[in-house]
Visitor: 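Just passing along the structure, written as structure tokens.
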Amino acid sequence: MKLDLDIYQWLVKINVIQELPINNLFAHVDQALEEQFLNGIIISQILKQFDQKIDVDVKQGNSNGIRLFNWNNVCKSLQQINITLDDDIKISIVKGDFQMLMQFLKELKQHYELAFYVEEQVSTTTRFDSQQNEPQEISIDEIDPEKPLNQTQSLLEFIIVSLCKHFTLKPKQAVTLLNSNYKQLSNVLIKGNKGFKNVINWLMELSKYINHIIKFVTYKMDILLSLLKAGLVSQSNEVCYWTLYIIEGILINLPQKELLEDVYAWLVREHGGLIAFILSQQRHHQYLEQICKIYSIVSQYNVVDFFDVQLRKILKSGKEYIDFINEIIQIIPIRDQMQQLNLFELFASHAIKLFEPKHSIIERMTALKYFEHYWIYYPQQFVPNQMEQYLLNSRKATRESSFAMRIFTYQSLFRILDNLALQKDKYAALLYKKLVFSLIENFDQKEVREFLVANFLMLIRKYSTIPIDILIIPMVKQLQIEQNEIQINIVDFQLLKSVCTHPKIDVNVAILMLDMLSKLYLSSIMFYQLAFQQIQLLLTRFIKSNPIQEFTFNLVKIAISEYYGNYQEHIKSNPKQILNRNPDENIRRQQFRSQIISLIKFIINLRSFELNELIKPVIAHFYLEIQQNLKTESKALFMLLGHFGDPQEILQQEQKKQKQQINQSQQNPFVQNQIIKSQGLKVSSLSQISQTQQNLNNYPKSNKSIISQKDDPFKELREDATKPSLTMLGNLSLNYDEQSLLKQFELL
């Protein structure tokens with residue numbers, strides 16, 4: 001069994017367990033100690049640390065009956081310290097759910113720290129009783145609980161009268177709340193008094209008389225702050241809010257700025273206010289901005305001492321310290337002063353040490369988080385050597401075995417890129433290119449690739465000026481590499497769809513995408529519809545372009561040749577062969593022909609006159625070939641001819657054209673020789689078509705969509721003169737220097 005380090009260290013500290021073997025993340029628990037955890041014995045010992053009077057009746061043993069008996073008694077004892085354990089959680093622990101037990105131990109640890117805080121932190125402060133000297137001494141018996149608060153003559157009188165008013169007390173009863181160094185009042189502020197309504201009303205009343213209170217705090221500053229301190233860690237959010245409101249109001253309205261030195265001394269002394277503010281920051285994170293404002297006011301004359309000395313006395317581990325900085329780095333009001341004092345560079349040095357391999361993954365993530373915040377919020381302070389160090393550390397992190405570490409690092413890099421692109425920073429292009437490298441590097445890692453593609457999708461949708469070809473060319477090329485056999489998925493199609501509508505895409509990239517999508521359309525049963533959607537977007541957008549028209553015409557010729565080969569095999573197969581085939585194979589053949597017809601029909605309906613004039617005789621020619629050679633008619637091709645006009649007239653014109661060619665060939669031997677060669681090429685082409693069709697028949701029955709260049713039917717379309725230059729990953733730095741990247745980002 002493994003025990004979280006923070007729980008282990010706490011249990012050792014309170015003498016519940018002995019020291020155990022540990023690593024960077026866990027303490028290893030043997031079987032005997034594990035049984036004591038699960039049967040409730042360890043919990044009973046923890047409760048003894050809360051109060052020596054708590055004595056839980058527990059039995060030794062590890063059966064479910066003994067466990068249930070012990071945990072029922074533990075639940076009764078928990079109620080003595082105002083903790084309730086849910087029955088479902090109790091049953092899960094009894095059944096051996098160790099994760100649920102760890103969660104309960106974390107909650108118990110938090111309650112213990114708060115209880116310890118009440119006993120030790122709150123109580124060790126300036127004593128407040130009626131014997132202390134004030135400008136106008138007043139006896140407790142002389143205090144009038146009905147007296148208006150703005151007429152009180154001392155801080156003691158003000159506090160007692162306000163307590164009597166809101167808690168229905170007599171003056172002597174109110175004094176008991178303040179005795180023993182505010183122990184009872186602290187408990188009321190933290191845990192409430194049959195709820196928190198009276199406490200909240202009392203604090204709201206105090207907030208109305210801040211100017212009146214200030215008259216007394218010039219000589220009782222630490223008393224008032226210590227009295228309110230417990231409200232910072234209250235279980236009620238509203239109590240914490242009003243406590244912060246009062247403290248902030250007093251600090252802002254101090255008549256003499258020298259008094260801030262007294263407040264700072266109270267804040268940083270042993271068992272002072274700083275520990276209370278840190279606990280409040282952890283428990284009431286929604287009020288972080290108010291807490292940071294108080295930090296700034298109090299420490300404005302002692303900035304270096306506060307951040308580099310006093311905080312490190314309390315936050316002794318590097319992770320806790322950097323976590324604290326990560327929380328306040330964006331919203332601390334004195335950040336300009338911190339920059340001038342080079343404090344952020346000091347924090348960076350601590351983060352670099354925290355990233356060393358000897359530390360745990362969580363600690364190293366904390367270090368990377370700091371550098372992310374540093375680069376985002378203070379890019380001018382983030383000097384090149386720090387940037388190089390961060391990118392080097394990020395590169396190491398993305399190649400670690402921990403999946404969580406890799407994803408966390410990539411998420412951090414994308415957040416930085418998002419911010420840099422928003423600010424039009426010159427380093428956005430550099431980081432963008434590095435992330436593209438990472439995508440190609442992790443192309444065979446499905447989960448990582450999906451995460452990267454999803455983030456690139458977000459960037460493409462958000463920034464219209466992003467240079468799309470840097471991303472899409474190597475990505476499409478990688479999808480076409482036969483050796484990798486990458487399975488395309490939904491998130492890839494989402495990215496391709498955004499690229500199809502992106503304003504920065506050009507004709508060359510469109511042809512490259514059409515090439516890949518066309519092969520996918522003709523080979524994938526699962527994704528052909530998604531591929532067809534992308535093809536439709538690209539052709540609709542670029543159909544007027546001459547290179548696109550040329551590509552589309554060649555695509556139609558090859559597609560209809562594939563149709564002819566598939567149809568020919570279907571017609572020549574006897575009924576016995578068809579029956580002996582796998583039913584799925586017959587469906588795939590029929591589906592394949594249907595896909596080709598749908599594609600050609602869409603292209604025709606684009607109404608490109610020049611392109612349709614080229615396509616029309618090709619369809620007519622293959623219709624006549626089927627009619628003459630296979631002794632049948634293709635209704636699908638006849639339907640396509642109907643989009644050009646009267647199919648019969650088109651076929652008659654094609655027949656006349658063929659007769660004229662035959663007559664000319666008989667009169668001219670040279671032309672006849674060329675026709676023979678052409679027919680030979682045609683036979684060879686049909687042989688290739690038959691082979692391709694055979695490969696299609698052998699296509700795997702699974703739903704996996706593998707894009708391969710084997711027996712690629714579209715190689716003939718990519719002639720050197722017209723195909724786009726494919727940019728390989730290793731050549732990116734050659735084809736795209738920094739200046740060109742900046743221009744494409746429109747940052748110059």
Side-chain angles (χ1 to χ4, degrees), residues 1-20 22-29 33-51 54 56 67 70-71 74-75 77-121 190-191 232-237 240 275-276 278-286 288 314-324 326-327 360-363 365-366 404:
M1 186 188 80
K2 296 179 179 179
L3 189 65
D4 291 351
L5 275 184
D6 56 342
I7 301 296
Y8 162 73
Q9 293 168 354
W10 170 58
L11 295 177
V12 171
K13 181 179 178 181
I14 62 177
N15 298 318
V16 172
I17 63 174
Q18 301 297 321
E19 292 188 0
L20 301 170
I22 63 173
N23 58 19
N24 288 338
L25 294 176
F26 304 102
H28 296 278
V29 177
L33 186 58
E34 179 180 356
E35 291 179 358
Q36 292 186 0
F37 271 102
L38 293 174
N39 65 16
I41 293 177
I42 296 294
I43 307 301
S44 68
Q45 296 175 8
I46 295 173
L47 294 178
K48 199 76 173 176
Q49 299 298 321
F50 275 87
D51 190 341
I54 298 178
V56 186
R67 285 186 186 179
N70 290 352
W71 276 98
V74 165
C75 290
S77 300
L78 285 171
Q79 293 176 1
Q80 298 180 33
I81 56 175
N82 298 321
I83 299 176
T84 302
L85 181 63
D86 187 78
D87 288 340
D88 292 336
I89 297 177
K90 179 184 69 176
I91 296 300
S92 297
I93 295 174
V94 168
K95 290 181 178 180
D97 190 335
F98 199 76
Q99 290 184 348
M100 195 67 72
L101 176 61
M102 286 298 100
Q103 186 63 35
F104 171 67
L105 284 172
K106 290 179 181 179
E107 296 178 5
L108 198 60
K109 176 177 177 286
Q110 186 179 25
H111 280 280
Y112 179 85
E113 290 174 344
L114 290 175
F116 174 78
Y117 169 75
V118 172
E119 293 292 338
E120 301 293 337
Q121 306 293 336
I190 293 174
K191 300 179 181 179
L232 296 172
V233 292
S234 173
Q235 296 177 2
S236 168
N237 291 333
C240 178
I275 180 64
I278 292 175
L279 290 172
S280 179
Q281 179 177 330
Q282 295 172 354
R283 186 162 196 171
H284 303 284
H285 195 268
Q286 64 269 40
L288 180 60
I314 298 174
L315 306 171
K316 295 182 180 180
S317 75
K319 180 183 182 302
E320 290 178 340
Y321 182 62
I322 298 299
D323 270 335
F324 178 89
N326 283 337
E327 287 186 349
S360 67
I361 291 175
I362 299 298
E363 290 173 324
M365 286 181 179
T366 301

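Note that the structure is predicted; figures quoted are calculated from it, not measured.
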Visitor: Hey, does Ile42 have a side-chain heavy atom less than 4.5 Å from the side chain of Val16?
Guide: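 The answer is yes, as the side chains (C-beta and beyond) meet within the 4.5 Å cut-off.
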Visitor: Roughly how far, to the nearest 0.5 Å, is CE of Met100 from CG of Leu85?
Guide: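 Reported to 0.5 Å precision, the distance equals 10.0 Å.
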Visitor: For the residue pair Asn39 and Gln36, what are the closest heavy atoms and their distance?
Guide: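 Minimum heavy-atom contact is OD1-O, 2.9 Å.
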Visitor: Picking from Ile89, Ile7, Leu38, what satisfies side chain to side chain contact (heavy atoms under 4.5 Å, CB included) with Leu101?
Guide: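 Only one option passes, and that is Leu38.
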Visitor: Can you tell me how far the NZ atom of Lys13 sits from the CD atom of Gln49, to the nearest 0.5 Å?
Guide: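 The NZ atom of Lys13 sits 12.0 Å away from the CD atom of Gln49.
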Visitor: Find the distance between CZ (Phe104) and CG (Asp97) and round it off to the nearest 0.5 Å.
Guide: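 Between Phe104 CZ and Asp97 CG, I get 13.5 Å after rounding to 0.5 Å.
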Visitor: Quick one: does any side-chain atom of His285 pair with a main-chain N or O of Glu327 as donor and acceptor, under 3.5 Å?
Guide: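 Here the side-chain-to-backbone pair does not exist.
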Visitor: Please find the pair of heavy atoms, one from Lys90 and one from Cys75, that lie closest to each other, and give the distance.
Guide: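 Closest approach of Lys90 to Cys75: CD-SG, 3.6 Å.
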Visitor: How long is the gap from OG on Ser236 to NE2 on His284, to the nearest 0.5 Å?
Guide: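 One finds 7.5 Å between OG of Ser236 and NE2 of His284.
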Visitor: Counting only heavy atoms not in Gln18 (residues, nucleotides, ligands), do more than 12 fall under 6.0 Å from its CD?
Guide: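 Result for CD/Gln18: open.
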Visitor: Take Leu78 and Leu47, measure what side-chain contact (heavy atoms from CB on, under 4.5 Å) needs, and give me the verdict at the end.
Guide: CA-CA 8 Å; Leu78 285 171; Leu47 294 178; 3.5 Å; yes
Visitor: I need the single residue from Ile46, Val56, Ile93 that forms a side chain to side chain contact (heavy atoms under 4.5 Å, CB included) with Val74. Which is it?
Guide: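 Testing Val74 for a side chain to side chain contact (heavy atoms under 4.5 Å, CB included) against Ile46, Val56, Ile93 leaves exactly one candidate, Val56.
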Visitor: If we only count heavy atoms from C-beta on, is the Ile43 to Asn70 side-chain gap below 4.5 Å?
Guide: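 Heavy-atom side-chain distance check fails, nothing below 4.5 Å.
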Visitor: Mind listing the closest non-hydrogen atom pair of Val233 and Ala276 along with its distance?
Guide: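 Shortest heavy-atom contact: CG1-O, 3.8 Å.
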Visitor: Distance check, rounded to the nearest 0.5 Å: Ile322 atom CD1 versus Glu363 atom CD?
Guide: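 Result: 11.0 Å between the selected atoms.
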Visitor: In Å, rounded to the nearest 0.5 Å, how long is the span from CH2 of Trp10 to CD1 of Ile17?
Guide: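 Interatomic distance, Trp10 CH2 to Ile17 CD1, rounded to 0.5 Å: 10.0 Å.
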Visitor: Listed by chain and number, what are the side-chain contact (heavy atoms from CB on, under 4.5 Å) partners of Ile314, not counting sequence neighbours?
Guide: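 Per chain and number, Ile314 pairs via side-chain contact (heavy atoms from CB on, under 4.5 Å) with Leu274, Ile275, Ile278.
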Visitor: Can you check whether Lys95 reaches Arg67 side chain to side chain, under 4.5 Å on heavy atoms?
Guide: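 No - every pair of side-chain heavy atoms lies 4.5 Å or more apart.
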Visitor: Ser77 versus Ser44: any side-chain heavy-atom pair under 4.5 Å?
Guide: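 The answer is no, as the side chains (C-beta and beyond) never meet within the 4.5 Å cut-off.
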